[in-house]
Protein chains: 2
Amino acid sequence: MVEEEKIDLKEGKEKFIQAWGALGSNWGVSRTMAQVHALLLISPKALCAEKIMEELKISRGNANMNIRALIDWGLVHKELHPGERKEYFRAEKDMWEVVRNIIIQRKKKELEPMLRVLDEITAVEGVCEQSDEFCKIIKDIKLFSNKADSTLEKLTKSDANWLMGTFFKMI
Amino acid sequence: MVEEEKIDLKEGKEKFIQAWGALGSNWGVSRTMAQVHALLLISPKALCAEKIMEELKISRGNANMNIRALIDWGLVHKELHPGERKEYFRAEKDMWEVVRNIIIQRKKKELEPMLRVLDEITAVEGVCEQSDEFCKIIKDIKLFSNKADSTLEKLTKSDANWLMGTFFKMI
DNA sequence: GCTAAGCTTCAATATTTTTTGGAAGAAGTT
DNA sequence: AACTTCTTCCAAAAAATATTGAAGCTTAGC
């Protein structure tokens, strides 16, 4: 009986890791990185590199690289246990924090560079009819992007509780 | 002088196509697909397959596949010119419509399947301590995902003008 | 300063994703 | 029906990405 439940738990974990991995690959995140994240998300305690390698059957190098990347994204934290040299890793469990970090990072790495490109482009153009048409379209995109930028900025700065309570209900 | 402006226009277009392409590849969209989209976005008039192939230097098959995919996403529309057999393609220019379509598609293809997986998983679990911990984490993720789902649902159903006016200012 | 545990790096390799080009299909014209 | 013009499909090739494994590095403890 207990044995049977344990099999289910294992299956459940497996399923979640697979699903999260698949999700990641549609979002420009490597499957493995998303799986490491999933594994840590559903692990109540911090795991060491060895354990992650073993669970996901990946090499040391691979594990290391993906863990670093997750730390860079602010989705995973390093944890040191007194008297041990090994590093342990623990995922941020608060889903709003997770999404918030992702928004912050992607805004910085993608939206902001795009805004700069749009600025450059608008600056350059200006006389013939074709230029005007192009310029008009770019201005439109710029306007939208700026709105998106400031909305995201405010979103990430707002308090999680307020957000979940007031804001989500309101729409 | 006019010649010089034309060069700038060309450069501007080039830059935009490159930037949009790079953006796409961080979002699980192939670079070429994003470039086709960019090219159509900044083109005041609809373009035929030939023109797209020529501008982006891609093969017929590649152009075709990516155009179809963009149509599936609802980002590009087919346009037939009376008396011509060729098909022309025109991008949706309203950025809110663009984003709206993307949200609708990704919600359907990613968020909803994930919700189903989360349901399956919660159903299975239940006795030992480990199961309980796992279950608790999954429930948390499910709660958040459901909230995200209904928020996106409402977002995509709301009117663009109201959204841009009231909502964005409010936060 | 030496050793050993553990972390990092990176060139080689494997895998996945994209692209191509051509053959087959569809549809309008003579 | 044969011809033309364009679209679609798909297997092979190319390109891009991810993964491995082992060498090298770092640091704590002796």
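Numbers restart at 1 for each chain; the letters A, B, ... are given by sequence-line order, proteins then strands.
Between S30(A) and E87(B), the one whose closest nucleotide on DNA chain D sits nearer the 5' end is E87(B). Along DNA chain C, the nucleotide nearest to M65(B) and the one nearest to N62(A) differ in position, and the one closer to the 5' end is contacted by N62(A). Nearest-nucleotide positions on DNA chain D place G28(A) closer to the 5' end than the other of G28(A) and R85(A). Two residues, G61(A) and V29(B), neighbour DNA chain C, and the one matched to the more 5' nucleotide by heavy-atom proximity is G61(A).
Under the 4.0 Å criterion applied to side-chain N and carboxylate O atoms, R106(B) and E110(B) are assigned as salt-bridge partners. Taking the charged nitrogens against the carboxylate oxygens, R100(A) and E97(A) do have a contact shorter than 4.0 Å, which makes a salt bridge. The pair D119(A)-K142(A) meets the salt-bridge criterion, with a side-chain N (NZ, NE, NH1 or NH2) lying under 4.0 Å from an Asp/Glu carboxylate O.
Nearest heavy-atom pair, G24(B) versus A34(B), reported as atom, atom and distance to 0.1 Å: CA-CB, 4.0 Å.
Residue pairs meeting the salt bridge (charged side-chain N to carboxylate O under 4.0 Å, His left out) criterion with at least one partner in residues 12-24 of chain A, sequence neighbours excluded, are K15(A)-E120(B).
Reading DNA chain D from its 5' end, the first and the last nucleotide to sit under 4.0 Å from a heavy atom of chain A are dA18(D) to dA28(D). Once you apply a 4.0 Å limit to the heavy atoms of chain A, the touched nucleotides of DNA chain C run 5' to 3' over dA4(C) to dT9(C).
Here E50(B) lies out of heavy-atom contact (under 4.0 Å) with every strand. Using a 4.0 Å heavy-atom distance criterion, R68(A) is classed as a sugar-phosphate-only contact.
Judged purely by atom type and a 3.5 angstrom limit, N26(B) has no side-chain atom pairing as donor or acceptor with the backbone of G28(A). The main-chain N or O of L39(A) is never found under 3.5 Å from a side-chain atom of S43(A) such that the two would form a donor-acceptor pair. A donor-acceptor pair is defined here as one N or O able to donate and one able to accept, closer than 3.5 Å; no such pair exists between the side chain of D149(A) and the backbone of S145(A).
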